[in-house]
Every structure is written in structure tokens, then in C-alpha cells.
J.: 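One structure, pasted below without further comment.
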Amino acid sequence: MIELVVFKTSKKYSAPNFSPFCVKLQCAFKAMGIPFKEIPFAGNPKKMPKGKLPIIRDHGYEFCDSELILKYMKEKYNKDLDSHLSAIDMAHCNAYKKMVEDHMGMGLLYFRWQVEENWSNVAPIFFAQIPAPLRKIMAGLSRRSVVSTLYANGMGRHSHDEVLDFLEDDFKALSTLLGDKKYFFGDQISSLDATVFGFITNCLQVSMTPELFKLASKYQNLVAFEKRIKKLLFQAQK
Ligand SMILES: N[C@@H](CCC(=O)N[C@@H](CS)C(=O)NCC(=O)O)C(=O)O
């Protein structure tokens with residue numbers, strides 16, 4: 001059976017995983033009806049082939065990156081979450097996924113890792129598995145590395161309110177695209193739905209990033225969308 005390696009996340013956390021990319025694949029695999037065994041990983045993701053999670057293991061091989069894994073599922077198993085999309089829908093699907101992963105992803109990192117008031121809530125959740133004597137050192141080193149990535153990307157150079165404004169534009173765009181539809185392209189889940197679900201469910205964690213909870217909560221159709229997918233695919237799990 002395919003193994004999906006994801007960050008070990010406490011069951012007390014109300015999103016399926018604190019990594020949006022791990023949630024994206026959990027959601028995509030469930031929606032495609034692919035049997036898989038979830039492997040919670042509590043070590044250093046740098047040990048993974050590309051230094052990140054999620055990865056999958058299949059027939060003795062490891063595959064990295066949520067998008068490459070979805071492509072692999074299509075090529076190897078003929079499982080494709082986007083087979084119902086028209087060419088124009090596919091164009092939107094790809095463009096919005098980049099917005100969510102590359103832009104909103106940086107915003108989420110900013111509010112989790114760079115904003116001082118949030119960091120004290122985030123660190124105990126992310127580093128819960130590290131033994132106490134090492135926890136503070138590991139958390140500090142990881143934080144320094146993420147903050148320098150944010151600076152290099154450019155997002156880290158903006159003020160709290162500027163980043164929040166950027167994210168507001170992204171939320172507005174998603175909310176407009178979703179409208180009153182069940183999923184982004186109608187009644188069937190696509191890879192964009194899995195991607196957005198991974199981010200929204202994490203933004204809705206009031207204990208980690210209260211400003212993102214407040215922002216996401218303004219978009220009631222996105223909140224309802226998050227609840228809908230959680231109920232459909234994750235209810236029995238948590
Ligand atoms: N492009 C990758 C991104 C995955 C990613 O950024 N994973 C983060 C967690 S959300 C990670 O493993 N970070 C650990 C690190 O960078 O050290 C994908 O789509 O899977």
C-alpha cells in the first residue's frame with residue numbers, strides 16, 4: 001500500500017495536519033479513493049530526499065512534492081482529480097494553485113514564524129515531538145532559517161498589515177471564484193479544492209494565527225467549504 005509521510009500532528013489540532021501541503025495530499029488521496037497508510041514523521045524533514053514533506057513511498061521508491069506526486073498518481077494509476085476540468089478551468093486551477101501555494105503559503109509562513117506574538121503559540125505545536133532539552137535550540141535554529149527564507153522571498157520585508165492586505169486580496173479572489181458553488185469547479189473536487197482546503201483549514205486555527213482566523217472567517221463561503229470537505233473526507237479520522 002502507498003505510504004504517505006506527513007508531519008506528526010497532535011489530534012488536538014483541529015486541522016488534519018499543520019502542513020497545508022500534507023493536508024492537500026491527504027485530501028486528494030481520500031477524494032480519489034486511493035488506499036494509503038499515513039506515516040506520521042516527527043524528525044527533521046531535511047532527511048527527506050528534497051528536505052520537505054509530504055512524500056510518498058510506493059514499491060520501494062520515494063516521491064516528493066505534492067504536485068509531482070499528483071502527476072505520478074495520474075501517470076502510474078490513472079487517478080486524476082482534474083480529469084473533469086475543461087481547458088479554461090485547468091488554466092485557472094493551475095494559476096490559483098500557484099497563488100495559494102507560493103503567495104498565501106509565504107503569508108502563512110510569515111504569520112506563523114516571523115510574527116513574534118504568534119511564535120510563542122506556534123513553536124510548542126511544531127516542536128512538540130522534540131525532547132525538551134533540544135526543543136528550544138531546534139525551534140530557534142529553524143525559525144532563523146524560515147525568517148531568512150521569508151526575507152529572501154521578499155514577503156519578510158513587509159509589515160504585518162501589508163502582508164495581511166496581500167492575503168486579503170488572495171482570500172477575496174478565492175471567495176469570488178468559489179461563489180456559491182460546492183467546489184471551485186462545480187460539484188466535483190479538483191486539485192485546487194484540495195490545495196485551498198489545506199491552507200484554509202490551517203488559517204482557521206485561532207490559537208496559532210489569530211489574525212488569519214479573523215481574516216478567513218470574513219469569507220463565509222470559504223469557511224463553509226472548509227467544513228464541507230472536512231465533514232466529507234476527514235470526519236471519521238479525528
Ligand atoms: N512544493 C512542496 C512544498 C512542501 C513544503 O513546503 N513543505 C513544508 C511544510 S508545509 C516543509 O516540509 N518544510 C520543511 C522545511 O522546509 O524544512 C510540495 O508541494 O509538497
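The chain is numbered in sequence order, starting from 1.
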J.: Please collect all side-chain hydrogen bond (donor to acceptor under 3.5 Å, both in side chains) contacts where either partner lies in residues 121-143, sequence neighbours excluded, each pair once.
T.: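 Pairs touching residues 121-143 that pass the test: Glu116-Arg143.
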J.: Find the distance between CE (Met90) and CG (Asp82) and round it off to the nearest 0.5 Å.
T.: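 Met90 CE to Asp82 CG: 4.0 Å, rounded to 0.5 Å.
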J.: Ring centroids only, cut at 6.0 angstrom: are Phe197 and Phe234 within range, meaning strictly under it?
T.: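 Here the rings of Phe234 and Phe197 have centres that are less than 6.0 Å from each other.
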J.: Got Phe213 and Met208 here, is their nearest side-chain heavy-atom distance under 4.5 Å?
T.: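 A side-chain contact is absent here, since even the closest heavy-atom pair is not under 4.5 Å.
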J.: Please find out if less than 6.0 Å separates the ring center of Tyr110 from that of Tyr151.
T.: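 Ring-ring flag for Tyr110/Tyr151: false, centres at least 6.0 Å apart.
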J.: Say whether Val115 and Val147 are linked into one hydrophobic cluster, either directly or through other cluster members, by side-chain heavy-atom distances under 4.5 angstrom.
T.: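 No, because Val115 and Val147 fall into different hydrophobic clusters, even though each may have its own neighbours under 4.5 Å.
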J.: Run Leu192 and Leu85 through side-chain contact (heavy atoms from CB on, under 4.5 Å) and show every step you take.
T.: CA-CA 11 Å; Leu192 177 62; Leu85 301 189; over 6 Å; no
J.: So how far is it from Leu25 CG to Ile34 CD1, rounded to the nearest 0.5 Å?
T.: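 Leu25 CG to Ile34 CD1: 9.5 Å, rounded to 0.5 Å.
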J.: Would you mind reporting whether Val5 and Leu53 have side-chain heavy atoms less than 4.5 Å apart?
T.: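 In contact.
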J.: Please answer: with hydrophobic residues joined when any side-chain heavy atoms are less than 4.5 Å apart, are Leu134 and Ile125 in the same cluster?
T.: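 Yes.
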J.: Between the side chain of Lys230 and the main-chain N/O of Ser14, is any donor-acceptor distance below 3.5 Å?
T.: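 Yes: the side chain of Lys230 pairs with the backbone of Ser14.
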J.: Can you name the closest pair of heavy atoms from Pro20 and Leu108 and give their distance?
T.: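 Closest approach of Pro20 to Leu108, heavy atoms only: CG-CD2, 3.7 Å.
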J.: Return the CG to CG distance between Leu70 and Asp80, rounded to the nearest 0.5 Å.
T.: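 Between atom CG of Leu70 and atom CG of Asp80 there are 8.5 Å.
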J.: Which heavy-atom pair separates Ala31 from Ile189 by the least distance, and what is that distance?
T.: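 Scanning both residues completely, I find the closest heavy atoms to be CB-CG2, 4.1 Å.
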J.: Check the surroundings of atom NZ in Lys76: do more than 12 heavy atoms from other residues, nucleotides or ligands lie under 6.0 Å from it?
T.: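 Yes.
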J.: Angle between ring planes, Phe171 versus Tyr219, binned at 30° and 60°: parallel, tilted or perpendicular?
T.: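 Ring orientation of Phe171 relative to Tyr219: parallel.
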J.: Quick one: pull up CE in Met155 and CG in Leu167 and give me the separation to the nearest 0.5 Å.
T.: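 Atom-to-atom, Met155:CE and Leu167:CG are 6.0 Å apart.
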J.: Please list, chain by chain and in numerical order, all residues satisfying salt bridge (Lys or Arg N to Asp or Glu O under 4.0 Å) with Arg57, sequence neighbours excluded.
T.: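 Glu3, Glu62.
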J.: Just so I know, are the side chains of Met73 and Ile56 near enough to count as touching, which here means a heavy-atom distance under 4.5 Å?
T.: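 In short, these two side chains touch, coming nearer than 4.5 Å.
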J.: Identify the two heavy atoms, one from Ile69 and one from Pro54, that lie closest to each other, and give their separation to 0.1 Å.
T.: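 The answer is CD1-O, 4.1 Å.
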J.: Would you kindly confirm whether Phe41 and Met1 end up in one hydrophobic cluster when ILVMFWY residues are joined by side chain heavy atoms under 4.5 Å apart?
T.: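 Phe41 does not cluster with Met1.
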J.: Could you pull out all residues at least two apart from His160 that satisfy ring pair (Phe, Tyr, Trp, His ring centres under 6.0 Å)?
T.: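 Scan of His160 (ring pair (Phe, Tyr, Trp, His ring centres under 6.0 Å), adjacent residues dropped) gives Phe111.
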J.: Can we call the ring centroids of Phe166 and His158 under 6.0 Å apart?
T.: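 Ring centres of His158 and Phe166 closer than 6.0 Å.
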J.: Say whether, by atom type as modelled, one donor and one acceptor occur between the side chain of Asn221 and the main chain of Ser175 under 3.5 angstrom.
T.: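 Such a contact is found between Asn221 side chain and Ser175 backbone.
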J.: Going from CD on Glu67 to CZ on Phe21, what distance comes out if it is rounded to the nearest 0.5 angstrom?
T.: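 Reported value, rounded in 0.5 Å steps: 9.5 Å.
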J.: What is the minimum heavy-atom distance between Met32 and Lys79, and which atoms define it?
T.: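 For Met32 versus Lys79, the nearest heavy atoms are O-NZ, 3.4 Å.
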J.: So, for Lys24 and Ser66, which heavy atoms are closest and what is the spacing to 0.1 Å?
T.: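 Answer, listing the atom of Lys24 first, then Ser66: NZ-OG, 2.9 Å.
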J.: Go through it in stages, so that I can follow the logic: the residues are Met99 and Leu174, the test is side-chain contact (heavy atoms from CB on, under 4.5 Å), and I'd like the CA-CA distance, side-chain angles, deciding distance and then a yes or no.
T.: CA-CA 10 Å; Met99 179 187 86; Leu174 289 176; 3.7 Å; yes
J.: Hey, does His92 have a side-chain heavy atom less than 4.5 Å from the side chain of Phe184?
T.: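 Result no, sub-4.5 Å side-chain heavy-atom pair not found.
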J.: For residues Thr209 and Asn118, is any side-chain donor paired with an opposing acceptor at under 3.5 Å?
T.: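 There is no such pair between these side chains.
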J.: Run the ring pair (Phe, Tyr, Trp, His ring centres under 6.0 Å) test against Phe127 and tell me which residues pass, sequence neighbours left out.
T.: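 Not a single residue meets the ring pair (Phe, Tyr, Trp, His ring centres under 6.0 Å) criterion with Phe127.
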J.: Are Lys227 and Lys231 side-chain neighbours, meaning at least one heavy-atom pair lies under 4.5 Å?
T.: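 Heavy-atom side-chain distance check fails, nothing below 4.5 Å.
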J.: Evaluate Glu162 against Arg157 for salt bridge (charged side-chain N to carboxylate O under 4.0 Å, His left out), listing each step before the verdict.
T.: CA-CA 10 Å; Glu162 285 167 340; Arg157 302 168 199 226; over 6 Å; no
J.: Under the salt bridge (Lys or Arg N to Asp or Glu O under 4.0 Å) rule, collect the residues that match up with Asp169, sequence neighbours excluded.
T.: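 If we apply the salt bridge (Lys or Arg N to Asp or Glu O under 4.0 Å) test to Asp169, skipping adjacent residues, there are no hits.
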J.: Considering residues at least two apart in sequence or located in another chain, which fulfil the ring pair (Phe, Tyr, Trp, His ring centres under 6.0 Å) criterion with Tyr72?
T.: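 By the ring pair (Phe, Tyr, Trp, His ring centres under 6.0 Å) rule, Tyr72 matches Phe63.
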J.: Do you reckon Leu232 sits in the same ILVMFWY cluster as Leu204, going by side-chain contacts under 4.5 Å, direct or chained?
T.: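 Yes; tracing contacts between hydrophobic side chains, which count when under 4.5 Å, links both residues.
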J.: Check whether any side-chain heavy atom of Cys203 lies under 4.5 Å from a side-chain heavy atom of Met104, and answer yes or no.
T.: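 No; the side chains remain at least 4.5 Å from each other.
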J.: Take the angle between the ring planes of His59 and Tyr77 and call it parallel below 30°, perpendicular above 60°, tilted in between.
T.: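 His59 vs Tyr77 ring planes: parallel.
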J.: Look at the side-chain heavy atoms of Ile, Leu, Val, Met, Phe, Trp and Tyr, link any pair under 4.5 Å apart, and say whether Tyr96 and Ile88 land in one connected group.
T.: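 No, Tyr96 does not connect to Ile88 through the hydrophobic network.
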J.: Could you tell me whether the side chain of Ser145 and the main chain of Leu141 form a donor-acceptor pair under 3.5 Å?
T.: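 It does not hold such a pair.
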J.: Tyr13 versus Asn202: any side-chain heavy-atom pair under 4.5 Å?
T.: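 Side chain of Tyr13 against side chain of Asn202, heavy atoms only: contact under 4.5 Å found.
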J.: Got a second to check how far Gln188's CD is from Lys182's NZ, nearest 0.5 Å?
T.: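 Going from the CD atom of Gln188 to the NZ atom of Lys182 covers 10.0 Å.
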J.: Report, as yes or no, whether the 6.0 Å neighbourhood of atom CG on Asn78 holds more than 12 heavy atoms from other residues, nucleotides or ligands.
T.: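 No, the 6.0 Å shell around CG holds no more than 12 heavy atoms from other groups.
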J.: Grab the two heavy atoms, one from Thr9 and one from Pro16, that are nearest each other, plus how far apart they are.
T.: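 Heavy atoms only, the tightest pair is CB-O, 4.5 Å.
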J.: Where do Glu75 and Lys71 land on the salt bridge (charged side-chain N to carboxylate O under 4.0 Å, His left out) test, with the steps shown first?
T.: CA-CA 6 Å; Glu75 280 154 25; Lys71 278 193 172 57; over 6 Å; no
J.: Can you find a pair of side-chain heavy atoms, one from Phe7 and one from Pro45, that are under 4.5 Å apart?
T.: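 Yes. Closest side-chain heavy atoms under 4.5 Å.
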J.: Apply side-chain contact (heavy atoms from CB on, under 4.5 Å) to the pair Phe199 and Leu222, showing each step before the final yes or no.
T.: CA-CA 11 Å; Phe199 276 82; Leu222 293 176; over 6 Å; no
J.: Testing the 3.5 Å rule here: is there a donor-acceptor pair between the side chains of Lys97 and Thr195?
T.: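 There is no such pair (donor and acceptor under 3.5 Å, judged by atom type) between the side chains of Lys97 and Thr195.
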J.: Would Thr201 and Ile229 count as a side-chain contact (heavy atoms from CB on, under 4.5 Å) here? Give the steps.
T.: CA-CA 10 Å; Thr201 193; Ile229 294 200; over 6 Å; no
